[in-house]
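Chain naming here is simple, since letters A, B, ... match the order of the sequence lines and numbering starts at 1 in each. The structure displayed is predicted, hence computed values, not measured ones.
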Amino acid sequence: MKIHLQNGSVREFADGMNALDIAGELSQQLKKDALAAEVNGKTQPLWLPVPDGATLNILTFAHEEGKRTLRHTASHVLAQAVKALFPSAKLAIGPAIENGFYYDFDVEQPFAAEDLAAIEKEMQRILKKNARLERFVLPRDEAIALMKEKGEPYKVELIEDLPDGEEISFYKMDDFVDLCAGPHLPSTGKVKAVKLLQAAGAYWRGSEKNKMLQRIYGTAFDSKEALDAYVEKLEEAKRRDHNKLGRELELFTTSDVIGQGLPILLPKGAKIVQILQRFVEDEEERRGYMITKTPFMAKSDLYKISGHWDHYYDGMFVMGDKEMDKKGIEVLALRPMTCPFQFQAYLNRTRSYRDLPLRYNETSTLFRNEASGEMHGLIRVRQFTISEGHLACRPDQVEEEFRGCVDLAKFMLETVGLEDDVSYRFSKWDPNDREKYIGDAAEWERTQNLMRDIMDHMMIPYVEAEGEAAFYGPKLDIQIRNVHGKEDTMITIQIDFQLAERFGMTYTDSDGQKKHPVVLHRTSIGCYERTLALLIEKYAGAFPTWLAPTQVKVMTITERCDGWAKEIDRALKAAGLRAELDLRNEKIGFKIREAQMEKVPYMLVLGDKEVEERRVAVRSRKEGDLGSMELESILAKIVEEVRVKAK
RNA sequence: GCUGAUGUAGCUCAGGCGGUAGAGCACUUCCUUGGUAAGGAAGAGGUCAUGGGUUCGAGUCCCAUCAUCAGCUCCA
């Protein structure tokens with residue numbers, strides 16, 4: 001038979017050969033590395049025969065699908081090990097995920113750390129046996145009977161929910177059988193390194209209405225070295241974690257008596273936010289935005305118009321409750337969003353089509369009653385400040401204004417140096433979950449198509465996500481991953497064809513008709529707390545000079561240099577730099593060590609020599625000793641670095 | 001909100017079986033004036049997260065609450 005290989009060549013092999021044997025004929029190394037086969041674009045186990053004329057790609061650990069296959073098999077080994085040690089455990093699901101795998105179990109007792117160690121040991125024992133995997137297919141009733149016999153109710157449920165005609169496959173290794181679509185490795189011995197990372201609760205089928213199962217996370221590699229490298233990467237991520245580093249660098253802290261999700265920005269953290277905020281507000285003004293300052297709270301009346309009272313009540317801090325409200329007692333709520341407030345500014349007077357587009361911005365503090373388990377450092381908090389803005393425009397202006405919002409967001413990302421770290425998500429509604437949204441289906445589809453067209457024109461490389469829209473409209477979310485790989489929205493730009501009507505916002509068009517403007521909701525840099533968190537992680541605390549809370553430290557070797565040091569400090573401050581003076585009676589090595597740990601970009605070291613020559617010895621935090629320079633030249637260098645911002 | 005872990009000096013952490021707390025760094029004072037990541041000495045710092053309970057006696061055991069961390073669910 002003829003097989004098309006991945007390099008484009010066509011080769012002849014004996015009929016009925018499987019992928020593993022073909023790999024062996026190509027090279028012994030490839031046979032050793034082979035984990036799965038991609039046959040005509042579909043991943044399958046290596047031991048299945050390859051049909052004549054097929055296109056074959058042998059997948060190794062270097063391929064994403066190869067990796068997944070290895071880890072998927074590792075998850076089965078995990079299940080086998082758990083069954084061996086905890087025979088009463090019920091199996092749920094166990095997929096490969098981005099950096100490893102997990103398996104969910106229903107057990108009476110949650111797994112303790114010692115359990116994980118024991119399970120990992122058992123896994124090593126199983127892997128050593130290098131058992132072969134076999135695949136078999138059963139008709140639905142027999143498959144259900146088998147899983148009932150094995151006492152696996154979750155598997156029975158999974159089979160029952162499979163659509164008709166779907167092949168129901170099982171994989172068997174030793175005496176362990178698991179329902180699984182596969183593919184899998186030919187034998188468990190190909191998993192060379194495995195590590196269990198943690199145990200945690202997880203709801204069956206991802207719904208909080210269901211029972212909470214116990215999930216074990218682990219990872220697996222094709223070599224011990226690769227596993228060690230990965231573990232080292234996790235350690236490095238921990239060191240960069242904004243929640244740890246941000247506290248160590250005294251950017252923020254929290255207080256038990258203030259409460260969850262309410263971080264305190266310390267002077268250094270607040271300084272960075274202030275720099276960003278001033279920069280954003282100035283840039284927005286340059287782009288035609290008008291600033292508003294709207295109240296932090298409003299009566300329930302406002303939220304009833306906006307829909308928040310019905311769609312976002314649980315997310316708000318309400319002073320009072322729905323019962324009081326029904327009785328006519330005034331109930332105020334802190335604002336979870338700025339939109340309805342800025343809309344009131346729009347409603348201040350009648351608007352003409354000539355007034356549009358109208359761009360409002362506000363550095364807006366919002367309050368959201370996040371569930372208690374959600375809070376995380378500066379990334380998920382209950383009170384945050386966002387570069388919020390709303391644009392009212394005519395239908396013919398939507399595209400240009402939307403482009404302007406994207407352009408501004410991109411400009412901000414470039415300025416802070418995060419442009420390469422983001423991805424774009426087109427967040428759509430879920431037509432099957434009408435409760436969550438307002439407006440009719442045709443309107444939703446029309447708005448979404450419009451948004452998609454604009455983004456296509458702009459060549460934005462987005463992924464579509466159903467069910468992620470706001471309740472009033474679709475969003476372009478600019479997503480970013482934190483140091484642990486967890487994704488969050490940094491920036492969002494939304495098109496809203498609905499709230500203007502609800503709020504009675506109109507403009508008089510050129511034909512004299514009253515019309516509702518289209519509203520764009522947008523942020524330019526996101527919320528400052530979250531952005532600060534991402535910047536801490538991006539730069540591991542060593543902020544670009546324009547953002548560094550302290551930009552220059554002037555430090556003396558002996559007190560004979562104090563006079564010159566003070567002169568320099570004054571000159572730096574006069575040039576608008578954030579300088580600090582270290583005149584303490586300490587050794588220079590000590591002062592430098594401290595400044596290095598604080599990640600101050602520049603250190604100016606002064607000894608008798610510098611005083612005599614009226615020069616400065618410059619040290620950069622990343623390049624070390626730069627030698628002696630004229631004060632004017634280092635000052636100009638730093639000022640220029642601040643001017644160009646990022647990097 | 002759910003599952004689990006954790007909470008001892010400003011920070012990082014010790015304190016088998018219950019007998020009223022200890023180290024390093026940081027801080028204060030003194031000595032030292034020393035050229036690119038820690039000079040030396042002395043001192044001061046803790047109602048052991050909070051509130052109950054068991055006990056002759058609780059940092060240690062039990063319960064509740066609060067906070068922190070990981071994951072789930074939710075979300076900027």
Tell me what [X] touches on the nucleic acid: a base, only sugar-phosphate, or nothing, going by heavy atoms under 4.0 Å.
X	result
A/G526	nothing
A/I379	base
A/R215	sugar-phosphate
A/K475	sugar-phosphate
A/G467	nothing
A/V381	base
A/M597	base

*Does NZ or CZ of A/R621 lie under 6.0 Å from the centre of the six-membered ring of A/Y602, at an angle within 45° of the ring axis?*
no

_Against the six-membered ring of A/F426, is A/K475 placed for a cation-pi contact (under 6.0 Å from the centre, within 45° of the normal)?_
no

*Decide, yes or no, whether a salt bridge links A/E235 with A/R240 under the criterion of side-chain N to carboxylate O below 4.0 Å.*
no

Any side-chain N or O of [X] under 4.0 Å from OP1/OP2 of [N]?
X	N	answer
A/Y102	B/C72	no
A/R560	B/G34	yes
A/H376	B/U68	no
A/S372	B/G1	yes

Side-chain donor/acceptor contact of [X] with base of [N] under 3.5 Å:
X	N	value
A/Q260	B/U68	no
A/R205	B/C72	no
A/Y203	B/G71	no

Which nucleotide, [options], lies nearest any side-chain atom of [X]?
X	options	value
A/I592	B/C72, B/A37, B/U68	B/A37
A/I557	B/U68, B/G34, B/G1	B/G34
A/R530	B/C75, B/U36, B/C27	B/C75
A/R247	B/U68, B/A38, B/C74	B/U68
A/E559	B/U33, B/U73, B/C27	B/U33
A/E586	B/G71, B/G39, B/A38	B/G39
A/K587	B/U36, B/G39, B/U33	B/G39
A/E610	B/G35, B/C72, B/U68	B/G35
A/I588	B/G35, B/U33, B/C75	B/G35

Show each protein N/O and nucleotides 3-12 of chain B N/O combination with a separation under 3.5 Å, one pair to a line.
from, atom 1, to, atom 2, distance (Å)
B/U3, O2', A/Q214, NE2, 3.0

*Mind checking whether A/D407 and A/R287 have side chains closer than 4.5 Å, heavy atoms only?*
yes

Any strand is fair game: report the nucleotide pairing with [N] by Watson-Crick or G-U wobble, both distances under 3.5 Å, or none.
N	value
B/G59	none
B/C72	B/G1
B/C27	B/G43
B/A67	B/U6
B/G22	B/C13

Return yes if a side-chain donor-acceptor contact under 3.5 Å exists between [X] and [Y], otherwise no.
X	Y	result
A/T545	A/Q551	no
A/T254	A/R247	yes
A/E284	A/S524	yes
A/E388	A/T523	no

Could you give the [atom1]-to-[atom2] distance, from [X] to [N], as a whole number of Å?
X	N	atom1	atom2	result
A/M555	B/U33	CE	C1'	16 Å
A/D488	B/C74	CG	P	14 Å
A/L604	B/G35	CG	C1'	15 Å
A/K486	B/C75	NZ	C1'	10 Å

*Quick one: on RNA chain B, does A/R382 or A/K591 contact a more 5' nucleotide (nearest heavy atom)?*
A/K591

*Starting from the 5' end of RNA chain B, give me the residue, A/G377 or A/R621, whose nearest nucleotide shows up first.*
A/R621

_Pairing residues for A/Y102 by the ring pair (Phe, Tyr, Trp, His ring centres under 6.0 Å) criterion, not counting sequence neighbours_ = A/Y217

_Validation row, ring centre A/F343 to ring centre A/H390 under 6.0 Å_ = yes

